[in-house]
Undergrad: 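This is the structure I want to talk about, given as structure tokens.
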Amino acid sequence: MTATSAASTAPELGTPELRAPAGALPIGTGWRDLAATSDIVFPFDGSVFAHAPVSSAADSRDALDAAEAARPEVAALTTAERKAILQGIHDRLRADAERFENLLVLETGKPRADCRVEVNRTIVTLQATIEEVSRVTGETVPLDVQELGRGMIGYYTRKPAGVIVAIAGFNYPLLLATHKLAPAVAAGCPVIVKPAPNTPLATLELLAITRDVLAEHGVTGAAVQLVNGGPEVGETLVQDPRAAVVSFTGSAKIGHLIAKQAAPRKALLELGSNTGFIVAADADIEAAVDAVFRGGFYANGQACISVQRVVLERPIAERFTARLIERMDEIVVGDPRDIATNVAPVINEASGERIRAMVERALAAGATLLTPSSVPETGASVPPTVLGDVPREVDAWCEEIFGPVVCLTTVDSVDEAIDLVNDSRYGLQAAVYTASLESAFAAIERLEVGGVVVNEIPGFRSDIMPYGGVKDSGIGREGPRYAIEEYTVTRMAMIRPRARS
């Protein structure tokens with residue numbers, strides 16, 4: 001396989017302009033100066049381009065104190081006030097989209113095209129949340145279905161659950177934080193955001209915008225706070241009984257730990273996957289190849305619904321594989337600052353080493369490397385890789401790779417393909433390419449996942465839809481409407497208009 005480099009045309013971004021006060025985090029009602037900092041590294045070349053303030057467990061406790069104190073004020077915000085606050089955040093982010101895009105390129109190392117998509121999706125998510133604020137309603141309940149309820153009126157309303165702890169992953173830091181922060185504001189809940197330690201800057205800038213909007217509306221800054229740091233910072237938040245809901249996006253391993261630490265309070269978990277992609281014998285092969293090409297390598301493969309396991313019906317397996325390998329030469333590997341780049345280094349060297357080790361174990365177990373290329377022994381660079389005949393017991397098939405690697409295998413029928421995709425501890429989203437309604441609906445009915453995509457990449461996500469997984473891929477649903485429901489509780493009213501004599 002050959003790949004061209006986009007480095008020669010990449011713009012120099014330099015040190016980004018940050019609006020958040022230097023060396024401070026939005027903790028309590030204001031900005032707290034912190035002495036400790038961490039290096040923020042540009043994954044493409046390993047250079048340090050910024051420093052982020054680092055908080056402590058004590059700061060987390062203070063943030064919880066402030067959030068709990070702010071809870072009555074935030075819950076009392078009117079529908080109009082919540083909409084106006086979200087509109088203000090939306091307008092400022094939209095006006096500053098290019099700066100946020102540049103920040104994301106530098107801290108995540110994702111190709112510019114993917115970062116641009118992230119910013120645009122964030123704007124859409126905010127707009128969708130604004131529209132949902134007016135729909136936080138309840139409904140009547142026919143209490144007289146039982147004799148004891150004769151003559152009574154019943155209805156429920158939705159009330160803020162309380163303090164939301166929002167922990168986001170490194171791969172889409174701005175979008176993931178917004179999918180938690182915006183519904184919290186809409187629901188009337190104070191929220192404490194914890195970004196991934198290596199990608200905190202875009203989220204911190206989002207908080208700076210949000211704090212400005214809150215101040216303009218006379219709302220306490222403690223309504224939206226941010227802490228940044230290692231496991232002890234997050235654990236302090238998760239284990240505290242004042243955290244009514246913990247919303248986490250990240251690995252299954254950490255998600256399971258958070259669920260235990262948060263119990264018995266609600267934990268919403270959007271975890272990993274090893275996404276299945278079925279290509280039936282009657283599929284449009286060119287379209288299916290294009291879907292793997294688009295869906296297997298975007299965001300450097302660091303997306304929980306990127307294509308990982310491709311299951312091919314035998315009659316088309318050879319033709320599909322040959323065409324996919326031909327298309328691989330089109331991938332541009334290079335500097336993520338360049339809009340032409342498709343794949344850049346992954347988030348850090350440790351991730352690169354982990355991915356390469358998974359590939360090596362698959363090859364040692366009998367898989368075939370279908371994209372011959374020079375694989376570096378160290379560093380964060382991982383070339384776009386396709387493996388054929390991957391044994392189903394190796395971790396490259398069973399676990400989440402989270403890198404630009406796609407695995408192929410062959411089966412005799414769509415039914416067998418569905419069984420194989422289901423033979424996994426994960427279940428976030430899956431896709432099937434087919435011209436048959438029968439096969440499409442069989443996949444929709446039988447695939448054990450949170451979402452089934454027909455004739456499109458499994459990475460398709462509309463930011464308004466219910467999004468989440470089953471099995472070890474998590475519990476609960478995101479998307480503005482559905483997150484608001486998760487962040488609120490029903491309060492039932494049971495009224496007898498006239499007391500019994």
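Computed from heavy atoms alone, side chains included, the values below leave out hydrogens, waters and symmetry copies. In this chain, numbering begins with 1 at the start of the sequence shown. All figures in this text were calculated on a predicted structure; none of them were measured in a lab.
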Undergrad: Please examine the side chains of L103 and L18, heavy atoms only from C-beta on, and report whether any two atoms are closer than 4.5 Å.
TA: yes
Undergrad: Checking the side chain of K194 only, and the main-chain atoms of V165 only, is there a donor and an acceptor separated by less than 3.5 Å?
TA: no
Undergrad: Flag yes if more than 12 heavy atoms outside L143 fall under 6.0 Å of its CG atom; otherwise flag no.
TA: yes
Undergrad: State, yes or no, whether a side-chain contact exists between V41 and N348 at a heavy-atom distance under 4.5 Å.
TA: no
Undergrad: Do R19 and D96 have side chains that approach each other closer than 4.5 Å (heavy atoms only, starting at C-beta)?
TA: yes
Undergrad: Quick one: CD on Q302 to OH on Y172, what's the gap to the nearest 0.5 Å?
TA: 9.5 Å
Undergrad: Check K266 with E486, please: is the shortest side-chain N to carboxylate O separation under 4.0 Å?
TA: yes
Undergrad: Show your reasoning for whether side-chain contact (heavy atoms from CB on, under 4.5 Å) applies to V382 and R356.
TA: CA-CA 7 Å; V382 178; R356 285 190 295 273; 4.2 Å; yes
Undergrad: In sequence, state the C-alpha distance, the side-chain angles, and the governing distance for R392 and D423, and then conclude on salt bridge (charged side-chain N to carboxylate O under 4.0 Å, His left out).
TA: CA-CA 10 Å; R392 296 166 192 177; D423 186 19; over 6 Å; no
Undergrad: Can you tell me how far CG of L201 sits from CG of L206, rounded to the nearest 0.5 angstrom?
TA: 12.5 Å
Undergrad: When you compare the side chain of R158 with that of T490, does any pair of heavy atoms fall below 4.5 Å?
TA: yes
Undergrad: More than 12 heavy atoms of other residues, nucleotides or ligands under 6.0 Å from CZ of R361: yes or no?
TA: yes
Undergrad: Could you walk me through whether I40 and F49 pass the side-chain contact (heavy atoms from CB on, under 4.5 Å) test, one step at a time?
TA: CA-CA 6 Å; I40 306 302; F49 71 91; 3.5 Å; yes
Undergrad: Salt bridge check: are E216 and R92 linked by an N-O gap of less than 4.0 Å?
TA: yes
Undergrad: Are more than 12 heavy atoms from other residues, nucleotides or ligands located less than 6.0 Å from atom CD1 of I444?
TA: yes
Undergrad: Report the C-alpha distance between I418 and L447 in whole Å, list the side-chain angles of each, state the deciding distance to 0.1 Å, and finish with yes or no for side-chain contact (heavy atoms from CB on, under 4.5 Å).
TA: CA-CA 6 Å; I418 292 172; L447 283 170; 3.9 Å; yes
Undergrad: Within a 6.0 Å radius of atom CZ on R481, are there more than 12 heavy atoms belonging to other residues, nucleotides or ligands?
TA: no
Undergrad: Answer yes or no: is there an ion pair linking D59 with R32, defined by an N-O contact shorter than 4.0 Å?
TA: yes
Undergrad: Mind checking whether E270 and K180 have side chains closer than 4.5 Å, heavy atoms only?
TA: no
Undergrad: Does E456 come within less than 4.0 Å of R294, counting only side-chain N to carboxylate O?
TA: yes
Undergrad: Just to verify, which of L268, L176, I258 counts as forming a side chain to side chain contact (heavy atoms under 4.5 Å, CB included) with S247?
TA: L268
Undergrad: Just wondering, do V54 and L34 contact through their side chains at under 4.5 Å, heavy atoms?
TA: no
Undergrad: Determine whether more than 12 heavy atoms belonging to other residues, nucleotides or ligands lie under 6.0 Å from atom CD of E393.
TA: yes
Undergrad: For the backbone of C304 and the side chain of T275, can you confirm whether one donor and one acceptor N or O come within less than 3.5 Å of each other?
TA: yes
Undergrad: Could you grab the distance from atom NE2 of H90 to atom NZ of K83, nearest 0.5 Å is fine?
TA: 13.0 Å
Undergrad: Give the intermediate values and the outcome of side-chain contact (heavy atoms from CB on, under 4.5 Å) for residues V185 and T210.
TA: CA-CA 10 Å; V185 172; T210 302; 5.6 Å; no
Undergrad: Can you tell me how far CD of E81 sits from CG of L86, rounded to the nearest 0.5 angstrom?
TA: 12.0 Å
Undergrad: To the nearest 0.5 angstrom, please state how far the CD1 atom of I484 sits from the SG atom of C189.
TA: 10.0 Å
Undergrad: Can you tell which of E118, E101, E98 makes a salt bridge (charged side-chain N to carboxylate O under 4.0 Å, His left out) with R112?
TA: E101
Undergrad: Within this structure, what is the CG-CD1 distance for the pair L237 and I164, rounded to the nearest 0.5 Å?
TA: 12.5 Å
Undergrad: Tell me every residue that passes ring-ring contact (aromatic ring centres under 6.0 Å, His included) with F248, counting only those two or more places apart in sequence or in another chain.
TA: none
Undergrad: Within a strict 4.5 Å, meaning less than it, do heavy atoms of the D472 and L271 side chains meet?
TA: no
Undergrad: Is there a ring pair (Phe, Tyr, Trp, His ring centres under 6.0 Å) between Y482 and Y467? Walk through the geometry before answering.
TA: CA-CA 8 Å; Y482 310 96; Y467 176 73; over 10 Å; no
Undergrad: Please evaluate residues R354 and E399 with respect to the criterion salt bridge (charged side-chain N to carboxylate O under 4.0 Å, His left out), reporting the C-alpha separation (whole Å), side-chain torsions for both, the decisive distance (0.1 Å), and the verdict.
TA: CA-CA 12 Å; R354 176 187 58 78; E399 294 298 325; over 6 Å; no
Undergrad: Please check if the side chain of N228 supplies one atom and the backbone of P200 the other of a donor-acceptor pair under 3.5 Å.
TA: no
Undergrad: Using a 6.0 Å cut-off, check whether atom CZ of R94 has over 12 heavy atoms from anything other than its own residue.
TA: no
Undergrad: Quick one: does T409's side chain get under 4.5 Å of R309's, heavy atoms only?
TA: no
